Amino acid sequence: MRVVIAGAGLAGLSCAKYLADAGHTPLVYEARDVLGGKVAAWKDEDGDWYETGLHIFFGAYPNMLQLFHELDIEERLQWKSHSMIFNQPEEPGTYSRFDFPDLPAPINGVAAILGNNDMLNWQEKISFGLGLLPAMIRGQEYVEECDKYSWSEWLRLQNIPERVNDEVFIAMSKALNFIGPDEISSTVLLTALNRFLQEKNGSKMAFLDGAPPERLCQPIVDHIQSLGGEVHLRNPLREIKLREDGTVSSFLVGGVDGQKLQDVEADAFVSALPVDLLKLLLPEAWKSMDIFRKLDGLRGVPVINIHLWFDRKLTNIDHLLFSRSPLLSVYADMSIACKEYEDPDRSMLELVFAPAKDWIHRSDEDIIEATMGELKKLFPMHFSGDDQAKLRKFKVIKTPLSVYKAIPGCQELRPSQKTPIPNFFLAGDYTMQRYLASMEGAVLSGKLCAEVIHSNKEDLPNSQSAFEASAS
Ligand SMILES: Cc1cc2nc3c(=O)[nH]c(=O)nc-3n(C[C@H](O)[C@H](O)[C@H](O)COP(=O)(O)OP(=O)(O)OC[C@H]3O[C@@H](n4cnc5c(N)ncnc54)[C@H](O)[C@@H]3O)c2cc1C
């Protein structure tokens, strides 16, 4: 069976991989000249990589880890110590750690929380632990019910002191969805906490050993091609063409740099586009359908990824750090954390700037100036006195519409991979799966999409004869 997939982010590539594994022929058409979508990366004129986002892989990502295993590239994940490390704003240049001992879950998580006395006092730890009990006991059903509350509302309902937010959850909610706890749905944080506390290695973090397009996406493409599938870059989907009965007849793709437009026909069609771009391409005839109408409520959130190359080492910490800065979210020294970006003498900091709503339209220079102001608090020893660290170069990557903004009420709007159109399917981190907007969510959505296509293959309106006629 031929399946055409628009979009070569992790969702589209995962969908193609699992379709190829099931004996089908996936044809992927990607708009840009780079694989990976939100994990895309590029090399600058010096050969240094810069990325759409600083990306962390978690132990709680079963489908992603399975994918690495199936591609035989597991050694490319560089696992870090099982810890969460936060900057301490009131004591610039110092850190507070949650260290998870090598014990079964949830004992290791409880020990990590009890062992940290810098951020939460005993009363806060106890009231937070009691507040989490319903989520741990009732599981996902309770977590989903809580989608009506923001995280701050949920904390107030559980009588958990506001200070817990200031100390831990502003940082975590910015890390998970690039917005603050007053905006984010409590479902997002409860889902993450449940995974982190219920799985022994759930919160353990890994960095990829190089740039995602080469180190993760390319092996998926090689696998797809080895099974007869195709991946075409610089081939945007322009139009979803319909038959009279409202099913898809073809994807109109191409038209970049004088290249011809072509109608690609197939047995099944998949959008693995981000939700904001799919909405622009939806055929008029579908727009009033419940599943597509609800997409109006899903909208990408702005975020900025910053790369700073310095003339010296600023830190020796080989881990992700939660900055707890009002402007920044998480950051890491990639010259230590990532093998391919290694530099023994000079730091390359990669930082996520969020929330970015008020900054996304500002100039790169303004953003860098504000970031450097924050770095003076994170690394005071390198930005005071006579011999201060010098910024050699920088790169700012803005994503005005990134992952969907996970505010209360979104869960109900997220579509399934199967749509009412018998030969049209959806993949993408915004589609319904339990890992929300993440790389794991994208990979799982693609896998679920491939499964639903495979299991519905008997019910697809067969376009094979039409395809053969047009090809001859
Ligand atoms: C700054 C940042 C940091 C992040 N950090 C993490 C992290 O630490 N851990 C984590 O798990 N997740 C993280 N994420 C989220 C993660 O990157 C995404 O959830 C995931 O990559 C989304 O994959 P996707 O395939 O659903 O969508 P996308 O990656 O957006 O893929 C969609 C693809 O469709 C293509 N496309 C668009 N229009 C067309 C068209 N007309 N025709 C054909 N193709 C088209 C796009 O170019 C793109 O390649 C982060 C994201 C960002 C932006």
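Values below: every heavy atom of this structure, side chains too, minus hydrogens, waters and symmetry copies. Source: prediction; values computed, not measured. Counting starts at 1 for both ligands and their atoms, following the listed order.
No side-chain N or O of Ser438 forms a donor-acceptor pair with one of Asp429 less than 3.5 Å apart. Between Lys447 and Asn63, the side chains place a donor N or O and an acceptor N or O closer than 3.5 Å (distance only, hydrogens not considered). Side chains of Glu350 and Asn305: a donor-acceptor N/O pair is present below 3.5 angstrom, by distance only. A donor-acceptor contact closer than 3.5 angstrom is absent between the side chains of Arg215 and Gln218. Between the side chains of Ser83 and Ser81, a donor-acceptor pair is found at a separation under 3.5 Å. Between Asp333 and Ser347, the side chains place a donor N or O and an acceptor N or O closer than 3.5 Å (distance only, hydrogens not considered). For Asp147 and Ser185, the side-chain atoms include at least one donor-acceptor pair closer than 3.5 Å. For Asn177 and Lys405, the side-chain atoms include no donor-acceptor pair closer than 3.5 Å. In the model, His232 has a side-chain atom that pairs as donor or acceptor with a side-chain atom of Glu230 under 3.5 Å.
Considering backbone and side-chain atoms alike, Ser402 places every N or O at 3.5 Å or more from each N or O of ligand 1. Not a single N or O atom of Asn305, backbone or side chain, sits closer than 3.5 Å to an N or O atom of ligand 1.
Of all protein heavy atoms, the one lying nearest to atom 47 (O) of ligand 1 is Glu30 OE2, 2.6 Å. For atom 28 (P) of ligand 1, the closest non-hydrogen atom of the protein is Lys38 NZ, 3.7 Å. Nearest to atom 25 (O) of ligand 1 among the protein's heavy atoms is Ala11 N, 2.9 Å. Of the protein's non-hydrogen atoms, the one nearest atom 41 (N) of ligand 1 is Leu237 O, 3.1 Å. Looking only at protein heavy atoms, the nearest one to atom 32 (C) of ligand 1 is Ala272 O, 3.3 Å. From the protein, the heavy atom lying nearest to atom 34 (O) of ligand 1 is Gly7 CA, 3.4 Å. Of all protein heavy atoms, the one closest to atom 5 (N) of ligand 1 is Leu54 O, 3.2 Å.
Partner Phe169 forms a ring-ring contact (aromatic ring centres under 6.0 Å, His included) with one of Trp151, Phe86, Trp154, Phe322 and no other, that one being Trp151. The residue from Phe178, Phe394, Trp359 that alone fulfils the ring-ring contact (aromatic ring centres under 6.0 Å, His included) condition with Phe353 is Trp359.
The heavy atom nearest to atom 45 (C) of ligand 1, out of those in Ala31, Gly9, Cys217, is found in Ala31. Nearest to atom 26 (O) of ligand 1 by heavy-atom distance, out of Asp429, Val330, Val39, is Asp429. With Glu350, Met439, Glu440, His55 as candidates, the residue nearest to atom 14 (N) of ligand 1 on a non-hydrogen basis is His55. The residue among Phe207, Tyr61, Phe251, Phe57 with a heavy atom at the shortest distance from atom 11 (O) of ligand 1 is Tyr61.
Here is the list of ligand 1 atoms found below 4.0 Å of a heavy atom in Tyr29: 43 (C), 44 (N). Residue Thr52 has at least one heavy-atom neighbour below 4.0 Å for each of these atoms of ligand 1: 1 (C). The distance from ligand 1 to the heavy atoms of Ala442 drops below 4.0 Å at these ligand atoms: 22 (C), 23 (O), 24 (P), 26 (O). The ligand atoms of ligand 1 that sit less than 4.0 angstrom from a heavy atom of Leu277 are 37 (C), 38 (N). Numbered from 1 in the order shown, with element, the atoms of ligand 1 that lie under 4.0 Å from a heavy atom of Gly428 read 26 (O). Near Gly53, meaning under 4.0 Å from any of its heavy atoms, are these atoms of ligand 1: 1 (C), 2 (C), 3 (C). Of all atoms in ligand 1, listed by their number and element, those nearer than 4.0 Å to a heavy atom of Arg32 are 47 (O). Interface atoms of ligand 1 facing Val303, defined by a heavy-atom separation under 4.0 Å, are 1 (C), 53 (C).
Judged by a 6.0 Å distance limit and a 45° cone about the ring axis, Lys287 is not positioned over the six-membered ring of Phe292. Geometric assessment of Lys204 against the ring of Phe58 yields a negative cation-pi assignment under the 6.0 Å and 45° thresholds.
For the ligand labelled ligand 1, residue Gly441 lies outside the 4.0 Å heavy-atom shell. The closest approach between any non-hydrogen atom of Ser445 and ligand 1 is not below 4.0 Å. At least one heavy atom of Phe178 sits under 4.0 Å from some atom of ligand 1.
Annotation for Asp46: atom CG counts as buried by contact number, over 12 foreign heavy atoms lying within 6.0 Å. Within 6.0 Å of atom OH in Tyr149, 12 or fewer heavy atoms from other residues, nucleotides or ligands are found, so the atom counts as exposed in its surroundings.
With a heavy-atom cut-off of 4.0 Å, Thr399 does not touch ligand 1 at all. Of the heavy atoms in Leu35, none comes closer than 4.0 Å to ligand 1. Both the backbone and the side chain of Ile56 come within 4.0 Å of ligand 1, judged by heavy-atom distances. Of the heavy atoms in Ala40, none comes closer than 4.0 Å to ligand 1.
Side-chain atoms of Met348 and Asp343, non-hydrogen and from C-beta on, never get closer than 4.5 Å to each other.
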